[in-house]
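This structure is a prediction, so every number in the text was calculated from the model and none was measured. Below, each value reflects all heavy atoms present in this structure, side chains not excepted, and no hydrogens, waters or symmetry copies.
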Amino acid sequence: MSSAADNELMARALGLAERGLYTATPNPRVGCVIVRDGTVVGEGWHARAGGPHAETVALHAAGERARGATVYVTLEPCHHHGRTPPCDEALIAAGVVRVVVAMRDPDPRTAGQGTARLRQAGLIVDTGIMESAAIVLNRGFVSRVTRGKPWTRLKIAASLDGKTALLNGKSQWITGDAARNDGHHWRARACAVLTGIGTVRDDDPQLTVRAVTTSRQPLRVVIDSRLELPLTARILEGGGVLIACAIDDPAKAAPLEAKGAEIVRLPNALGKVELPVLLQELGRRGINELHVEAGHKLNGSLLNEGCIDELLLYVAPCLIGDRARGIADLPELTDLALRRKLHIDELRMLGGDIRILAGWEAT
């Protein structure tokens with residue numbers, strides 16, 4: 001059974017894990033706190049793939065003071081050899097006596113084996129402390145490991161009457177500075193940002209992270225079925241672009257590849273990009289979180305094909321009118337019982353705008 005102290009120290013470990021929010025990908029975000037005789041003697045977090053795990057950083061900071069200590073870690077210590085040695089063995093060797101774990105590692109190379117090894121060595125192991133918060137922090141990692149595809153978040157900026165752009169496609173800017181800056185935070189935490197050829201034509205976005213400091217830019221993904229992306233598009237600047245298409249046309253592909261873009265062909269029977277297959281391809285490439293900033297047509301296609309896990313909606317206190325473009329091009333309903341129900345997980349004011357984070361209701 002957890003105590004108030006256990007929850008307080010796990011919350012501290014979760015705060016450390018968040019420091020890897022922008023950089024730990026494709027690995028999970030993990031924090032670790034080591035406590036002996038009521039005093040924190042070491043702590044750390046996983047900063048980037050290939051670097052030391054949170055437990056290793058914390059054990060190094062604690063040194064000999066780790067012997068006889070309690071360890072708080074947000075993810076089950078790994079059991080496998082990768083680019084770094086297994087953390088369960090490191091904890092055993094350090095002489096800690098108790099390990100408190102927030103969530104089980106879904107990676108089948110560990111998946112319960114880490115905690116089993118610790119118990120086998122005689123350590124006290126408590127699990128599930130602040131588990132839900134740890135899972136939310138690592139939704140993308142869990143999604144990729146268990147479903148083979150990223151956690152996909154659809155970002156939308158809309159007026160109070162649900163419009164995202166004028167009929168002519170102009171959408172800059174519906175929301176204020178605070179909301180737009182917050183959108184860069186969500187871009188930064190994502191492994192990839194996805195848009196469509198329509199948005200590139202209308203807005204010519206860069207889709208880079210600019211309003212927050214980060215050492216890593218997400219992969220930029222463009223759905224362009226017929227390879228119509230202009231060679232002058234700003235999204236092609238700086239590399240790091242994947243174009244998903246549906247045609248095999250070397251003459252169109254060559255100049256885009258010369259600009260540094262990678263092209264993957266994923267056609268469906270209608271001559272469009274097969275969106276669920278694209279998500280699987282991104283999962284194969286180690287993409288944990290996918291951030292979507294697209295127009296109403298692609299938004300509708302992604303929603304219709306069950307590709308969206310979460311909605312990030314910024315609502316501005318303004319009215320644009322019926323003839324403007326809506327949030328998503330969805331089929332007409334003839335019965336309200338068929339409406340798609342969501343639950344609101346978070347509601348926050350950002351300047352004069354409202355930010356809503358919502359997920360699907362269980363069916």
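The closest side-chain heavy-atom distance from Trp186 to Leu312 is below 4.5 Å. Counting only heavy atoms from C-beta outward, the side chains of Arg339 and Leu333 approach each other to under 4.5 Å. Considering only heavy atoms from C-beta on, Cys307 stays 4.5 Å or farther from Val292 through its side chain. Taking 4.5 Å as the limit, some side-chain heavy atom of Leu194 sits within range of a side-chain heavy atom of Leu278. Residues Phe141 and Asp105 are in side-chain contact: their nearest non-hydrogen atoms beyond the backbone lie under 4.5 Å apart. Under the 4.5 Å side-chain criterion, counting only non-hydrogen atoms from C-beta, Leu242 is in contact with Val264. At a threshold of 4.5 Å between non-hydrogen side-chain atoms, the residues Asp6 and Arg98 count as touching. Between Ile243 and Leu256 there is a side-chain heavy-atom pair separated by less than 4.5 Å.
In the hydrophobic clustering of ILVMFWY residues, with side-chain heavy atoms under 4.5 Å counting as a link, Leu330 and Leu338 come out apart. Side-chain heavy atoms closer than 4.5 Å link hydrophobic residues (I, L, V, M, F, W, Y) into clusters, and following such links, even through other members, never connects Leu75 to Leu14. Under the 4.5 Å side-chain heavy-atom criterion for grouping Ile, Leu, Val, Met, Phe, Trp and Tyr, Leu270 is not connected to Leu275 through any hydrophobic cluster. Linking ILVMFWY side-chain heavy atoms closer than 4.5 Å, directly or via other members, places Leu91 and Met10 in two distinct hydrophobic clusters. Note on Leu160: it clusters hydrophobically with Ile156, by side-chain heavy-atom contacts below 4.5 Å among ILVMFWY residues.
Geometric assessment of Arg144 against the ring of Trp151 yields a negative cation-pi assignment under the 6.0 Å and 45° thresholds.
The side chain to side chain contact (heavy atoms under 4.5 Å, CB included) test with Pro150 is passed by exactly one of Leu290, Asp309, Asn288: Leu290. Of the listed residues (Leu229, Val200, Ile263, Val273), just one forms a side chain to side chain contact (heavy atoms under 4.5 Å, CB included) with Asp224, and that residue is Leu229.
To the nearest 0.5 Å, atom CD1 of residue Ile320 and atom OG of residue Ser159 are 4.0 Å apart. Here the CG atom belonging to Leu266 is positioned 15.0 Å from the NZ atom belonging to Lys272, to the nearest 0.5 angstrom. With rounding to the nearest 0.5 angstrom, the OG1 atom of Thr232 is 12.5 Å from the CD1 atom of Ile235. Taking CG from Leu342 and CD from Glu361, the interatomic distance works out to 7.5 Å, rounded to the nearest 0.5 Å.
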Test salt bridge (charged side-chain N to carboxylate O under 4.0 Å, His left out) on Glu237 and Arg234 and set out the steps. CA-CA 5 Å; Glu237 297 171 3; Arg234 294 198 301 162; 5.7 Å; no
I'd like to know whether Asp107 forms a salt bridge (charged side-chain N to carboxylate O under 4.0 Å, His left out) with Arg109, so could you lay out the CA-CA distance, the side-chain angles of the two residues, the decisive distance to 0.1 Å, and finally the verdict. CA-CA 5 Å; Asp107 189 325; Arg109 295 174 297 176; 2.8 Å; yes
Trace of the salt bridge (charged side-chain N to carboxylate O under 4.0 Å, His left out) decision for Arg265 with Asp248: CA-CA 7 Å; Arg265 183 172 174 269; Asp248 185 9; 5.1 Å; no
Start with the C-alpha gap between Lys252 and Glu228, add the side-chain angles, then the distance that decides, and say whether salt bridge (charged side-chain N to carboxylate O under 4.0 Å, His left out) holds. CA-CA 8 Å; Lys252 284 187 172 183; Glu228 297 172 329; 5.3 Å; no
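Side-chain contact, Asp345 with His343: a donor N or O sits under 3.5 Å from an acceptor N or O. If you check the side chains of Thr208 and Arg210, you find a donor sitting under 3.5 Å from an acceptor. Side-chain N/O atoms of Asp88 and His79 include a donor and acceptor closer than 3.5 Å.
Within 6.0 Å of atom CG in Asn168, more than 12 heavy atoms from other residues, nucleotides or ligands are found, so the atom counts as buried in its surroundings. Heavy-atom contacts from other residues, nucleotides or ligands closer than 6.0 Å to CZ of Arg201 number more than 12.
Applying the ring pair (Phe, Tyr, Trp, His ring centres under 6.0 Å) criterion to His185, with sequence neighbours excluded, gives Tyr22.
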Please table the atom pairs, donor to acceptor, closer than 3.5 Å between any side-chain atom in residues 29-44 and protein atoms at least two apart or in another chain.
from  : atom 1 : to     : atom 2 : distance (Å)
Arg29 : NE     : Leu21  : O      : 3.3
Arg29 : NH1    : Leu137 : O      : 2.9
Arg29 : NH1    : Glu289 : OE2    : 2.8
Arg29 : NH2    : Leu21  : O      : 3.1
Arg29 : NH2    : Arg189 : O      : 2.9
Arg29 : NH2    : Glu289 : OE2    : 3.4
Arg36 : NH1    : Arg67  : O      : 3.3
Glu43 : OE1    : Arg12  : NE     : 2.9
Glu43 : OE1    : Arg12  : NH2    : 3.1

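Within the structure, the ring-ring contact (aromatic ring centres under 6.0 Å, His included) test picks out the following pairs touching residues 27-47 (sequence neighbours left out): His46-His53.
Between Glu262 and Arg285 there is a salt bridge, with a side-chain nitrogen of the basic residue lying less than 4.0 Å from a carboxylate oxygen of the acidic one. With respect to Glu346 and Arg348, a salt bridge is recorded, a charged nitrogen being found less than 4.0 Å from a carboxylate O. Remark: Arg139 engages Glu310 in a salt bridge, criterion side-chain N to carboxylate O under 4.0 Å.
When all heavy atoms of Val99 and Pro77 are compared, the pair lying nearest together is CG1-CG, 4.4 Å. Across all their heavy atoms, Thr23 and Ser215 have their closest contact at CG2-OG, 3.6 Å. The minimum heavy-atom distance linking Met130 with Asn7 is given by the pair SD-O, 3.3 Å.
Panel note: side chain Thr164, backbone Ala158; no donor-acceptor pair is recorded below 3.5 Å. Using a distance-only test at 3.5 Å, with no hydrogens or angles considered, no donor-acceptor pair links the side chain of Glu76 to the main chain of Met103.
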